[in-house]
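Note sheet for the following structure.
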Amino acid sequence: MDIIALGLFLIVGLTLFYQAYRLFQGNRKVLHDYHYKGIHEDALQGFQKDVAKSLCVLGFCILFFGAGSILLSFPWLMLGMIAGFIIAITLLARAQNRHRSGV
């Protein structure tokens, strides 16, 4: 059971890093169109980079804290993952508020 959970943490964490890389490179297809609603073309690149940063934080937290809690048998590391989720959600909200105009 632990190996399945470890595999899931690795797959999800690495997928988030890959999607963040694609988004940071300017690929608009990573996010759905409704995520870009209300964002001007001038602010689009900054928005994508801010969202990519939050995805990196999320991917790191899943890889480090999730896999670490299984490998090291420290369940309290999951608290670090929860804190990382809160930080990533805060970064996402900040990116949307900062780059949206008139919504």
Side-chain angles (χ1 to χ4, degrees):
M1 187 66 168
D2 286 346
I3 195 74
I4 293 172
L6 180 62
L8 287 174
F9 281 131
L10 289 175
I11 289 170
V12 171
L14 292 175
T15 301
L16 285 171
F17 274 122
Y18 175 68
Q19 296 298 340
Y21 173 76
R22 288 181 57 209
L23 194 59
F24 195 77
Q25 294 296 320
N27 188 346
R28 284 187 68 170
K29 298 293 181 186
V30 175
L31 299 176
H32 295 284
D33 290 336
Y34 62 84
H35 292 291
Y36 298 111
K37 185 179 179 183
I39 297 175
H40 291 286
E41 290 293 324
D42 300 339
L44 188 61
Q45 189 174 15
F47 174 72
Q48 287 177 323
K49 288 184 178 185
D50 285 347
V51 171
K53 289 175 191 174
S54 65
L55 288 179
C56 282
V57 168
L58 195 56
F60 173 78
C61 289
I62 289 175
L63 280 176
F64 182 74
F65 294 113
S69 68
I70 292 172
L71 292 175
L72 301 174
S73 298
F74 292 143
W76 54 266
L77 282 175
M78 294 299 273
L79 293 175
M81 190 165 68
I82 292 169
F85 286 170
I86 292 170
I87 292 169
I89 290 170
T90 303
L91 288 173
L92 281 171
R94 190 175 135 233
Q96 287 185 347
N97 287 335
R98 196 164 98 184
H99 296 288
R100 287 189 195 254
S101 60
V103 176

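- Atoms CG and CD1, from L8 and I62 in turn, are 10.5 Å apart once rounded to the nearest 0.5 Å.
- Within the model, atoms CD of Q45 and CZ of F24 stand 8.5 Å from one another, a figure rounded to the nearest 0.5 Å.
- Considering CZ of R94 and NE2 of H99, their distance stands at 8.0 Å, rounded to 0.5 Å.
- Here the closest non-hydrogen pair linking I39 and R100 is CG1-CG, 3.9 Å.
- F85 and V57 sit in two unconnected hydrophobic clusters of ILVMFWY residues. Membership requires side-chain heavy atoms under 4.5 Å apart, directly or through other members.
- Here the closest heavy-atom approach between residue G84 and residue C61 is recorded as CA-SG, 3.2 Å.
- When all heavy atoms of S54 and L91 are compared, the closest pair comes out as CB-CB, 3.7 Å.
- Rounding to the nearest 0.5 angstrom, the gap separating the CZ atom in F65 from the CD1 atom in I82 is 11.0 Å.
- At least one side-chain heavy atom of L14 sits under 4.5 Å from a side-chain heavy atom of L63.
- Between the CD1 atom of I89 and the CG atom of L58 there is a distance of 8.0 Å, given to the nearest 0.5 Å.
- For the residue pair Q19 and V30, the shortest heavy atom distance occurs at OE1-CG1, 3.5 Å.
- When hydrophobic clusters are built by joining Ile, Leu, Val, Met, Phe, Trp and Tyr residues whose side-chain heavy atoms come closer than 4.5 Å, directly or via intermediates, F60 is grouped together with L10.
- With values rounded to the nearest 0.5 angstrom, Y21 atom OH is found 15.0 Å from L55 atom CG.
- Counted within 6.0 Å of CZ on F17, heavy atoms from surrounding residues, nucleotides or ligands total more than 12; the atom is thus considered enclosed.
- Counting only heavy atoms from C-beta outward, the side chains of R98 and F47 never approach each other to under 4.5 Å.
- D50 approaches A95 most closely through the heavy-atom pair CB-CB, 3.5 Å.
- Minimum heavy-atom separation, N27 to L23: O-CD1, 3.7 Å.
- For the residue pair R22/Q25, the side-chain donor-acceptor check at 3.5 Å is not satisfied.
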